[in-house]
> 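To start, I am sharing the structure in question, which I have written as structure tokens.
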Amino acid sequence: MKPYIPTAFDFDPDESGHFGKFGGRYVPETLMPALIELETTYKKYRFDPEFWAEINALHTHYVGRPSPLYKAENISDEIGAHVYLKREDLNHTGAHKVNNTIAQGILAKRMGKTKVIAETGAGQHGVATATIAALMGLECEVFMGAKDVERQKLNVFRMKLLGAKVHAVESGSKTLKDAMNDAIRHWVTNARDTFYIIGTAAGPHPYPLMVRDFQGIISYEAKAQILKQHGTLPDYVLACIGGGSNALGMFSHFIDEEKTQCIGIEAGGKGLESGEHGASLALGKPGILHGQLSYLLQTDEGQIEEAYSISAGLDYPGIGPEHAYLMEKGKVVYDSVTDDEAMDAFVWLSREEGIVPAFESAHAIAYLKKMPKEDIKDKTIIISLSGRGDKDMIQAMELLKL
Ligand SMILES: *Cc1c(COP(=O)(O)O)cnc(C)c1O
């Protein structure tokens, strides 16, 4: 496989960072110099072979890429389709997030920054950032809602072990959106020596584009792998959606293929009608959060509503702006599965294939069972297995009476 370098797609944002009307850079004036510095730097390196050679070397020898494309024979037999899993769960640190933190870390070094900061919800992005900070000799501070600090003790300890400082954010709902607010606030006053590593394809331009490029290696590999292993392009590509980075990584090289339909799966929580869910595309409205215009869960007055999902990685009240655009253009289809359906799939994949998925990834697996049998008969399906379930064991133990 030739080393990965991003591709410019016709669904790239325009010069001002807009995907159609979505995206952009709705930030305080004081943040603009930092964003412009980042944009200029990324423009310089986006297609630079040396920059990518440095990323690819770490992706190969540190992360363990390419991740396997594994044909799940047992669930394939059961549902009558050819199901392949893109094994991002096998990456170092256990999920797709490290693909992005490595690349942003290298960018930070090239910009001469000595510190990195990150926001985190469940702690997965915090751990992936603390990991590369340790590797690259960068100081690391992670912003995390106080409620999440309490809920995710293991990841908090892991970050500290890796040498990061963790700030418990006490404002608002004390969760991810508040952590991101504080990270942005910190960055405004410390941008001179500090790089802000955002964990998903959201935030002000150029983050959504940058993170999508960095995760694009997932579909770049998967496309070559499926052609080699199966001889055809897939009919369907599935991925779960929090902010949308593993999905954009999994979709980008397939979106323009006529044969392939990409489907993004949002968190249906306790059911869309219950009001407790993370389905910003299904039930949100366009609005501005964290510097971007995109779909948001909000009240009629424009106050952000709390998202809910059994999986901490999916309960973000917004969504990366590229997904809002792809939905409006009809290029990608979006749907949701509930907590209960995801938990069934969590057990199903564990028992059928001996693979314990992250709760987030279990949402994409669960969707297999929601697709009409006649539609998927003998079809080829790739699913992004975005992460492994080790981080969810304690919660699973409390939920499942085995
Ligand atoms: C963080 C996370 C997600 C959700 O984030 P996206 O940016 O939507 O990909 C999904 N799966 C796992 C395993 C995660 O850690």
Side-chain angles (χ1 to χ4, degrees), residues 67 85-101 104 118-129 131 144 148 152 154-155 158 175-176 179-180 197-203 207-208 210-219 238-252 262 264-267 278-281 290 292 294-295 307 309-324 326 332 334 336-337 342 345-346 349 355-367 383-393 395:
S67 66
L85 305 177
K86 182 60 173 156
R87 300 288 310 271
E88 295 300 301
D89 61 316
L90 295 177
N91 295 340
H92 176 48
T93 69
H96 67 291
K97 291 211 167 68
V98 73
N99 300 331
N100 168 49
T101 58
Q104 289 198 48
E119 83 294 339
T120 197
Q124 293 302 105
H125 175 57
V127 168
T129 302
T131 298
M144 188 170 187
D148 292 331
Q152 305 287 341
L154 208 58
N155 272 342
R158 201 171 285 161
T175 59
L176 177 59
M180 195 153 174
I197 300 187
I198 293 186
T200 189
Y207 283 102
M210 221 166 62
V211 176
R212 180 254 276 170
D213 282 348
F214 295 157
Q215 295 292 359
I217 191 168
I218 301 173
S219 49
L238 312 183
C240 67
I241 300 209
S245 71
N246 90 89
L248 286 172
M250 187 74 250
F251 296 164
S252 50
C262 297
I265 323 294
E266 295 193 289
S280 341
L281 286 171
H290 301 139
Q292 57 173 5
S294 188
Y295 278 79
S309 167
I310 196 165
S311 94
L314 301 184
D315 68 357
Y316 180 55
I319 172 86
E322 188 168 350
H323 284 293
L326 292 170
V332 173
Y334 296 89
S336 63
V337 309
F346 176 79
L349 193 71
I355 297 173
V356 179
F359 280 178
E360 292 83 1
S361 323
H363 284 70
I365 304 289
Y367 197 68
I383 304 178
S384 168
L385 197 66
S386 54
R388 62 174 188 235
D390 303 44
K391 69 179 177 62
D392 299 314
M393 281 304 107
Q395 207 182 340

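Atoms within each ligand, like the ligands themselves, are counted from 1 in listed order.
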> Would you say Lys391 and ligand 1 have an N/O pair spaced under 3.5 Å apart?
no

> Side chain or backbone, does Gln124 bring an N or O within less than 3.5 Å of an N or O on ligand 1?
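In this structure, Gln124 places no N or O atom under 3.5 Å from an N or O of ligand 1.
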
> Return yes if some donor-acceptor pair links the side-chain N/O of Asn100 with the main-chain N/O of Ile198 below 3.5 Å, else return no.
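Yes; judged by distance alone, with no hydrogens or angles, the pair exists.
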
> Over all heavy atoms of both residues, which pair between Gly278 and Glu266 is shortest? Give the atoms and the distance, please.
O-OE2, 3.9 Å

> Under 3.5 Å, N or O to N or O, is Ser245 touching ligand 1 that way?
yes

> Counting distance only, does the side-chain N/O of Asn246 pair as donor-acceptor with the main-chain N or O of Cys240 below 3.5 Å?
yes

> To the nearest 0.1 Å, how far is atom 12 (C) of ligand 1 from its closest protein heavy atom, and which atom is that?
Ser386 OG, 3.5 Å

> Under 3.5 Å, N or O to N or O, is Ala247 touching ligand 1 that way?
no

> In terms of atom number and element, which parts of ligand 1 are under 4.0 angstrom from non-hydrogen atoms of Gly387?
13 (C)

> Looking at every heavy atom in both Ile217 and Phe214, which two are closest together, and how far apart are they?
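Distance-wise, the nearest heavy atoms are CG2-O, 3.8 Å.
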
> Under 3.5 Å, is there a donor on one side chain and an acceptor on the other for Ser361 and Ser386?
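On atom types as modelled, these side chains qualify, holding a pair under 3.5 Å.
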
> Shortest non-hydrogen contact from Ala366 to Val337?
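Looking at all heavy atoms of both residues, the shortest contact is CB-CG2, 4.1 Å.
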
> Using every non-hydrogen atom in the two residues, find where Ser245 and Thr200 come nearest and quote the distance to one decimal.
N-OG1, 3.4 Å

> Please list, in number order, the atoms of ligand 1 under 4.0 Å from a heavy atom of Gly242.
8 (O)

> Which atoms of ligand 1 sit under 4.0 Å from any heavy atom of Cys240?
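Within the 4.0 Å cut-off of Cys240, ligand 1 contributes 10 (C).
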
> Heavy atoms, side chains only, cut-off 4.5 Å: are Leu248 and Ile218 in contact?
no

> Which residue and non-hydrogen atom of the protein lie closest to atom 7 (O) of ligand 1, and at what distance in Å?
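The closest one turns out to be Thr200 OG1, 2.5 Å.
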
> Judging by distance only, is a nitrogen or oxygen of Gly199 under 3.5 angstrom from one on ligand 1?
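No - when backbone and side-chain N and O of Gly199 are compared with those of ligand 1, no distance drops under 3.5 Å.
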
> Nearest protein heavy atom to atom 15 (O) of ligand 1, by residue and atom, and its distance?
Lys97 NZ, 2.7 Å

> What part of His125, side chain from CB on, backbone N/CA/C/O, both or neither, has a heavy atom under 4.0 Å from ligand 1?
neither

> With a 3.5 Å cut-off and no angle check, do the side chains of Asn99 and Gln215 form a donor-acceptor pair?
yes

> Does any N or O atom in Glu360 lie less than 3.5 angstrom from one in ligand 1, N or O only?
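No, Glu360 has no N/O under 3.5 Å of an N/O on ligand 1.
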
> Give the residue and atom name of whichever protein heavy atom lies nearest to atom 4 (C) of ligand 1, and the separation in Å to one decimal.
Gly313 O, 3.4 Å

> Between ligand 1 and Glu88, can you find any atom pair, the residue atom being a heavy atom, that is separated by under 4.0 Å?
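So Glu88 does not count as touching ligand 1.
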
> Below the 3.5 angstrom mark, is there an N/O of Gly244, backbone or side chain, next to an N/O of ligand 1?
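For ligand 1, there is an N or O atom that lies under 3.5 Å from one belonging to Gly244.
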
> Judged by modelled atom types alone, do Tyr316 and His290 share a side-chain donor-acceptor pair under 3.5 Å?
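Yes.
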
